[in-house]
Amino acid sequence: MERVTGGQLDVLEVLLHAHRQRVQLHGWEIMKATGRHGPTVYRALDRFTEAGWLDSEWEHENPTPGKPRRRFYSLTPTGAERATAVMRERRPQALRRRALPAPGLGGTFLCLLGVR
Amino acid sequence: MTTVAILCGVVAGLIVAEYTALAPLVAKSIMRRSAWIYYAHDEAVAAERADEWQALIEARPGNLLKLGTAFFFGTGALGLLAGRAGQRALRRPLSPMLLVQPPFIGSMSISLIAFRNDPAMASIAFNVLAFSVVVCNGFLLRRKRLGYRVQMDTLATSAPHEFGADMLQANGRGLTEPSFVLLRLENPGLREIVEDDYLDQGNKTGIRVTFPGRRVVGITVTELSRPNCATSSSRGPVTPRGMPTASRSARTTARASSGCLGCSSAPVPTSSCWCCWNASPGTRGRPFPSRFSTPTSGGAADNGSGPVLPQARIEAIRRSGRSLPHKHTEVRIWNADNDLELILPPTNGTRPPTPAGGRGVRPKRLRDGQARADRRHRPAVAPWMP
C-alpha cells in the first residue's frame, strides 16, 4: 500500500486490536473507537477491502428485534501481518496502547470515562 | 422578533426533532442517497452500503446525533457530486466562444482551464486565480518591493535644456558639463516599507545611488506622493542661482565628494514615490547609474562595494516593459536575505532614444557640443526653469 493516512492508521489500529482480541466490529463501533467521521472510516474500509486486508460478513439477524442487520469487519491473516508491519513502522507505541471498549452500554460507559 | 424568540424557536424545533421519529427518518434518507452517490459505479455495492448505513444510523444513539452523522455523509456525497460535475465539464468539447475571450491576467493557458464550455465561469475562475496570485504574492509570501526609474539623464547644455547651465555653481564656482538626472523611487508592492526594513538602521541613509565619474552637487525632490515620505527638510550642497530651493525635500542628501546620492531610510507607503532632481557635473557620456547600491550590514556602500548593475542591463530590463526581479546575483542574494525585492518597473516617463541598429541599450558617446538628448528626454514639468 503506497500511502496510509492518519485516518486510515486509526482504523487499522482499531481493527488490529480487534483481530488480536478475536472480535469483529461493525461500522459504528469503528467510528466510535477511532473518533473519525463516517466517510473517512468507510473510505479506509473500502481501501483495505480492495487491498485484501479486510474481510466482512453480514450478521444473520440483529439481536434487537426490528433493527436492520449489521456488517462486521475483521482483518484477514495477510491484512493482520501487513497492518502489524505498518503500525510497527508508523505507530509503534499503538501496538501496546489501545484496548477496545467492551461491547454494549458498559463499553460505552468505559469509553466515555476514557478507560479503554 | 427578538433574539430570544428565535432561540426559543430553534430549541423547540430541536426538542421536537429529538423526541419524534422525524430526525432518524431524515438521517436514513440522507444515508441512503449518500450511499448511492458514493458507490454510483456499482449498484450492488451501493445497495449493500445503503443497508449497512441504515444499520449504522440505527446503532447511533440520539436522534439529533443520527442527523449529525448523516450530515457528514451527505456533505461528503455533495462534494463528490461537485467533483463529478467538474470532470464532466472537462470532457466536453472546447467551446469556440472561449477562444475569443479577452485575455485576463495570466491567461496564457486559458485554453487549458477546466471550464471549457462555460466562458463566464472561465473568466470568473481566471479572475479568482489572478486575485489569489496577488494575495499570495503580497500577503501570504509577505514580499516587499522597492523600485526605481531613471526618468531622465541628460547634460544641462543639451539643446532642449539650455536653461542657463552657466548659472549653476557649487561653493561659488561654476560647474563644467553639468548634467541632470530625474530619479524616481517608488514602492510598487502591496506592503508598506517602513524604516525597520532598511538594513543599516543606525545610518539614516537607506538607499544609495552612485554616479561613477560624476559628483553630486545638488538634489531636490520635485514630486512627493505622500507627505509622510518627507520627514525633514534638507537640501544639497549647491543652490543654483535662480533655482528655488527644495520646498518638499525628503531626507535625501547628496555627497559632493563621492558622487553618491543617499536616500533616507524613510517609510515608503504603497503606491508612493519620490522624484529627485539631481544636478551633477561630470564626464560627458557617462551613463547613469552604473551602480545602484544599498547599505549592507557591514555598512559598505559608499565605497561602491554594493551590487553592481551595468547600465546595459538596467536599460535592457527597463526597455523590455516588464517588471522583472534583478538578474544580478548580488542583488538577488540581497533580496532573499532581506525579504525586500528591488525591481525595475516599466517606466512611463521619458525613455532614451533608440540608436540606429537596434541595440539601443547604451547611450551613445557624443562629440563635444553635440546635443545628447532628444525631446523625449525633456521632463514634463521643470518648475525652476526660466
Side-chain angles (χ1 to χ4, degrees), chain A residues 5 7-8 10-11 14 18 23-51 54-74 100-112, chain B residues 18-87:
Chain A
T5 62
Q8 291 167 357
D10 288 341
V11 173
V14 169
V23 294
Q24 289 183 318
L25 300 174
H26 58 80
W28 167 242
E29 285 176 333
I30 299 172
M31 283 173 58
K32 192 169 61 175
T34 57
R36 297 279 183 172
H37 294 308
T40 306
V41 169
Y42 275 93
R43 223 170 7 247
L45 293 178
D46 288 338
R47 190 177 178 198
F48 295 141
T49 305
E50 285 177 9
L54 208 58
D55 200 6
S56 63
E57 60 178 345
W58 289 91
E59 64 181 357
H60 294 294
E61 190 178 353
N62 196 315
T64 309
K67 300 289 184 183
R69 293 183 306 150
R70 295 168 297 182
R71 191 179 192 179
F72 286 88
Y73 293 90
S74 60
L100 279 174
L105 286 176
T108 307
F109 180 69
L110 288 176
C111 185
L112 287 173
Chain B
E18 176 65 30
Y19 289 101
T20 62
L22 182 64
L25 281 177
V26 174
K28 284 181 182 177
S29 173
I30 292 173
M31 296 292 273
R32 191 166 48 244
R33 292 172 187 274
S34 300
W36 283 96
I37 292 171
Y38 272 106
Y39 302 97
H41 58 279
D42 192 335
E43 290 186 2
V45 176
E48 275 195 349
R49 280 283 190 245
D51 291 343
E52 183 182 353
W53 288 357
Q54 301 288 311
L56 186 148
I57 286 295
E58 285 289 345
R60 181 83 167 96
N63 286 345
L64 283 178
L65 295 178
K66 291 180 196 295
L67 204 56
T69 302
F71 171 78
F72 285 108
F73 281 90
T75 49
L78 286 178
L80 212 57
L81 277 181
R84 287 173 189 163
Q87 288 179 350

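What you are looking at is a predicted structure, and each value in this text was computed from that prediction instead of being measured. Each chain gets a letter, A, B and so on, in the order the sequences are listed, and its residues count up from 1.
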Given 3.5 Å as the limit, does a donor-acceptor pair link the side chain of [X] with the main chain of [Y], or not?
X     : Y     : result
B/S29 : B/L25 : no
A/E29 : A/H26 : yes
B/K28 : B/Q54 : no

_Heavy atoms from other residues, nucleotides or ligands near CZ of A/R69 exceed 12 (cutoff 6.0 Å)_ = yes
*asked:* Assess the residue pair B/R49 and B/E52 against the criterion (salt bridge (charged side-chain N to carboxylate O under 4.0 Å, His left out)); give the C-alpha distance rounded to whole Å, side-chain angles, the decisive distance to 0.1 Å, and a yes or no.
replied: CA-CA 5 Å; B/R49 280 283 190 245; B/E52 183 182 353; 2.6 Å; yes
_Less than 4.5 Å to any heavy atom of chain B: does that hold for the side chain of A/R70, its backbone, both, or neither?_
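Both parts, backbone and side chain.
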_Heavy-atom contacts under 4.5 Å, residues 56-68 of chain A to chain B_ =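 Under the 4.5 Å heavy-atom cut-off, A/W58, A/K67, A/P68 qualify.
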*Against chain A, label B/F71 side chain, backbone, both or neither, depending on which of its atoms sit under 4.5 Å from a heavy atom there.*
neither
*asked:* Nearest 0.5 Å, please: how far is CG in A/D10 from CD1 in A/I30?
replied: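 Reported to 0.5 Å precision, the distance equals 12.0 Å.
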*So, for A/V41 and A/R36, which heavy atoms are closest and what is the spacing to 0.1 Å?*
CG2-CB, 3.8 Å
*So which of B/A59, B/P61, B/A70, B/A77 has the largest heavy-atom pair count under 4.5 angstrom toward chain A?*
B/A59
